[in-house]
There are 2 protein chains.
Amino acid sequence: MPHFRGMDDDRQDTQTRRPTLSQVARAAGVSEITASRALRRDGPVARDTRDRVERAALALNYVPNRLAGTLAGAASRQVGVILPSLSNIVFADVLKGLEDRLEGDGYHPILGISNYDPLREERLLRDLLSWRPAGLVIAPARKTDVTRGLLAAADLPVVEIMDVDAESADMAVGISHYGAGRAMAHYLAGRGYRRFAYLGHGIETDFRATQRLDGFRDGLREVGVTLGNVLCLPGPSTVSLGREGLARLLAEAETPPEAVFFSNDDMAVGGAFHCQAAGIAVPEELALAGFNGLSIGQALPRPLTTIASQREHIGFVAATHLLDRLAGGRPPRVTNVDFRLIPGATA
Amino acid sequence: MPHFRGMDDDRQDTQTRRPTLSQVARAAGVSEITASRALRRDGPVARDTRDRVERAALALNYVPNRLAGTLAGAASRQVGVILPSLSNIVFADVLKGLEDRLEGDGYHPILGISNYDPLREERLLRDLLSWRPAGLVIAPARKTDVTRGLLAAADLPVVEIMDVDAESADMAVGISHYGAGRAMAHYLAGRGYRRFAYLGHGIETDFRATQRLDGFRDGLREVGVTLGNVLCLPGPSTVSLGREGLARLLAEAETPPEAVFFSNDDMAVGGAFHCQAAGIAVPEELALAGFNGLSIGQALPRPLTTIASQREHIGFVAATHLLDRLAGGRPPRVTNVDFRLIPGATA
DNA sequence: ACAGGTTATGACAGCGCTGTCAATACGGTC
DNA sequence: GACCGTATTGACAGCGCTGTCATAACCTGT
């Protein structure tokens with residue numbers, strides 16, 4: 001409501017609205033722009049003047065309005081972040097790494113969760129873009145043409161995270177999920193196992209898990225082994241799903257597998273629980289391997305063989321590169337964060 | 001750079017900058033304000049006009065600038081969210097509930113993680129406030145006077161979440177952690193246990209766990225039992241910490257406990273792993289109880305006795321009340337989301 | 001044909017801040 | 001003492017949008 005107060009009287013401001021820079025300036029006896037420079041520590045301002053302005057700001061409990069600042073030309077300090085899910089600790093870890101690094105430089109994430117839904121992702125992208133963020137960090141569900149178009153037209157730094165297998169428009173930070181699956185295949189084959197099965201969750205959504213499966217299959221093929229039973233159950237990965245899934249997998253298999261590769265640690269822990277409940281000796285009767293390197297897997301009585309996916313680090317590096325670019329640097333376009341195979345005791 | 005273009009020539013806009021409402025308006029042959037109304041579907045706009053404007057917006061790939069809109073008087077659609085941590089799935093669940101509900105109404109969270117640090121929380125609060133959000137959702141670490149002052153001066157709807165034990169300035173949504181501890185005491189005592197111990201994590205940070213401990217102690221006292229060993233280990237709760245902690249607790253106890261209450265499920269699952277590894281029969285030799293109702297606990301070979309804390313629901317309700325208030329409603333000041341004791345098989 | 005209502009559109013100013021350019025004051029140099 | 005470079009401050013306009021008020025166009029009933 002623009003016209004709600006008289007032109008030359010904003011005494012009521014102190015009552016109704018938050019203090020503005022103009023009020024701080026008046027209280028300090030300087031012009032608006034000088035107050036602005038003093039508070040931002042930008043441009044030459046006399047020591048004494050700056051002190052006066054800062055005291056005035058403190059006294060008035062001034063909180064700058066960054067909407068106005070950004071609109072007027074200052075660089076935004078918001079970063080749009082789009083993740084496919086938060087049900088799994090994986091993306092929470094990434095987000096933690098992101099937030100931590102961004103916060104350190106005074107940036108803040110605006111968050112959107114796509115639920116692996118490309119249409120929702122599109123909407124989110126549009127919504128977040130309408131806040132004119134300085135940059136974008138996105139773990140794409142599956143990119144549509146609209147998404148691609150929006151990103152291209154947006155003309156801001158974009159970091160795609162989690163995997164480096166797909167091609168990316170701008171920067172990418174992640175691990176090679178295909179490579180991780182392949183590495184596990186080689187590791188398990190090297191341990192002497194020959195009959196393999198795979199137990200996964202909602203394949204239609206989590207395409208990174210699918211990439212690991214592909215890598216696993218190819219890795220086995222490279223050593224002359226064919227992947228046996230592949231069971232993918234609908235829905236998100238949970239410990240229960242892994243537990244029930246393994247029971248079903250073993251029941252259905254005509255020749256029992258020697259080793260099972262799970263889509264991730266949640267599933268694998270469930271598998272371990274099933275073995276324990278069913279009296280199956282691990283790894284003698286059945287070897288188990290997961291993915292992610294969750295702490296729960298390592299705290300099992302028998303630590304899980306898995307691959308550490310460096311989630312928090314991915315978030316941290318993604319934020320670092322984004323900030324670097326915003327500061328005028330030229331960070332690498334693709335950053336392949338190394339995964340690490342944790343031998344464990346289950347395979 | 002305000003002066004970068006001539007007054008009567010913004011053809012270059014199309015090249016350099018994102019399209020503005022003014023360009024959409026011109027393309028549709030209407031005034032700016034009509035285009036604004038058409039796109040917002042606010043105020044009377046002829047069907048035909050609206051179609052023209054929408055087509056123009058689409059053709060130009062127009063994305064509204066909400067910074068400008070909000071500055072000009074439209075209600076902000078950002079909500080500041082401050083959580084103490086993301087390492088634990090608990091707050092990720094809350095955030096999921098929040099984001100989901102907010103997204104449904106076109107709102108987006110700006111996130112801050114305080115790491116249980118009151119000073120960082122202060123800074124976050126100030127930073128988020130500078131974006132002039134429509135409201136705030138905060139799981140306070142420990143409120144300082146500055147925090148209180150900022151919240152009071154901010155004059156916007158604030159929902160404090162997680163617990164309803166502390167007094168809150170505006171709205172509160174959560175469970176009574178004291179009550180949860182007390183309920184567990186009564187439950188366990190009712191099952192016939194008499195010698196109790198408590199195993200917790202970083203007490204200096206997670207004051208809600210401390211409230212549960214208090215409630216547990218008082219609940220036992222009410223049935224004439226005294227809480228025995230209390231061991232609180234530094235650092236955040238993890239499965240490993242629970243596992244190692246229980247080993248230590250049992251080694252240190254002069255009279256072995258019959259039942260152990262853990263600060264949460266992560267710790268309790270670790271305890272279950274220790275028992276399994278050490279060959280301690282659960283619950284015959286030792287009963288275990290946790291808090292949170294994590295799915296991992298329920299997927300254990302022997303489902304964990306615990307208390308479901310309805311985390312996602314808390315986030316959802318918090319967002320709902322905030323939105324309600326923003327829409328002019330008067331939601332309850334305190335919403336006590338019921339917790340639910342899950343009997344399980346470990347106690 | 002005319003008052004009285006509704007519907008559709010626009011002019012205008014301003015939200016709170018910052019980039020650009022201009023102006024002033026000061027110290028020293030030749 | 002005229003001149004220059006630097007430090008400090010301010011005037012001004014404008015970022016892109018929306019609330020308020022005013023105006024124009026159109027309908028109804030009499």
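In what follows, chains are A, B, ... by sequence order, proteins preceding strands, each numbered from 1.
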Among D/dG10, C/dT9, C/dG19, which nucleotide sits nearest the side chain of A/S31?
D/dG10
Please determine whether a side-chain nitrogen or oxygen atom of A/S36 lies at a distance below 4.0 Å from atom OP1 or OP2 of C/dC17.
no
Give a yes/no answer on whether the side chain of A/T49 brings an N or O atom under 4.0 Å of OP1 or OP2 in D/dT9.
yes
Any idea which of D/dG16, D/dG10, D/dT9 is nearest the B/A68 side chain?
D/dG16
Whole Å only: how far is the CG atom of A/L67 from the C1' atom of C/dC17?
10 Å
Does D/dC17 have OP1 or OP2 under 4.0 Å away from a side-chain N or O of B/R66?
no
B/R47 CZ - C/dT7 P separation (whole Å):
16 Å
So, does A/R123 use its side chain to make a donor-acceptor pair with the main chain of A/S114 at under 3.5 Å?
no
Could you give the CZ-to-P distance, from B/R18 to D/dC15, as a whole number of Å?
17 Å
The side chain of A/A74 is closest to which nucleotide in this list: D/dT8, C/dT18, D/dG10?
C/dT18
Without hydrogens or angle criteria, can the side chains of A/R101 and A/T320 be said to hold a donor-acceptor pair below 3.5 Å?
yes
Please figure out whether B/P64 or A/E32 has its closest DNA chain D nucleotide nearer the 5' end.
A/E32
Within the 4.5 Å heavy-atom criterion, are A/L322 and A/L98 side-chain neighbours or not?
no
Given C/dC17, D/dC17, C/dG19, the nucleotide with the shortest approach to the side chain of A/D42
C/dG19
Using atom types as modelled and distance alone, determine if a side-chain donor or acceptor of B/R52 lies under 3.5 Å from a backbone N or O of B/A28.
yes
Of the options D/dA7, D/dC17, D/dA11, whose atoms approach the side-chain atoms of A/P44 most closely?
D/dA7
Which of the following nucleotides, D/dT18, D/dT8, C/dG10, is nearest to the side chain of B/V30?
C/dG10
Looking only at D/dC17, C/dT9, C/dT18, the nucleotide nearest the B/L21 side chain is D/dC17
Can you measure B/R132 atom CZ to C/dC17 atom P for me and round it to whole angstrom units?
7 Å
Round to the nearest Å and state the distance from B/N65 atom CG to D/dG14 atom P.
18 Å
Counting heavy atoms from C-beta on, name the nucleotide in C/dT9, D/dC15, C/dC15 closest to the side chain of B/L71.
C/dC15
When rounded to whole Å, the CD1 to P distance for the pair B/I33 and D/dG19 reads 7 Å
Round to the nearest Å and state the distance from A/L39 atom CG to C/dG16 atom C1'.
13 Å
For the side chain of A/R37, starting at C-beta, report the closest nucleotide among C/dT20, C/dG16, C/dG10.
C/dT20
In whole Å, what is the span from the CD atom of A/Q23 to the P atom of C/dC15?
11 Å
Does any non-hydrogen side-chain atom of A/L150 lie less than 4.5 Å from one of B/N61?
yes
Any side-chain donor near an acceptor of the partner, A/R26 and A/S22, under 3.5 Å
yes
Check every atom of C/dG10, D/dG16, C/dC17 against the side chain of A/Y62 and return the nucleotide holding the closest atom.
C/dC17
By the 4.0 Å heavy-atom rule, please label B/T70 as base, sugar-phosphate, or nothing.
nothing
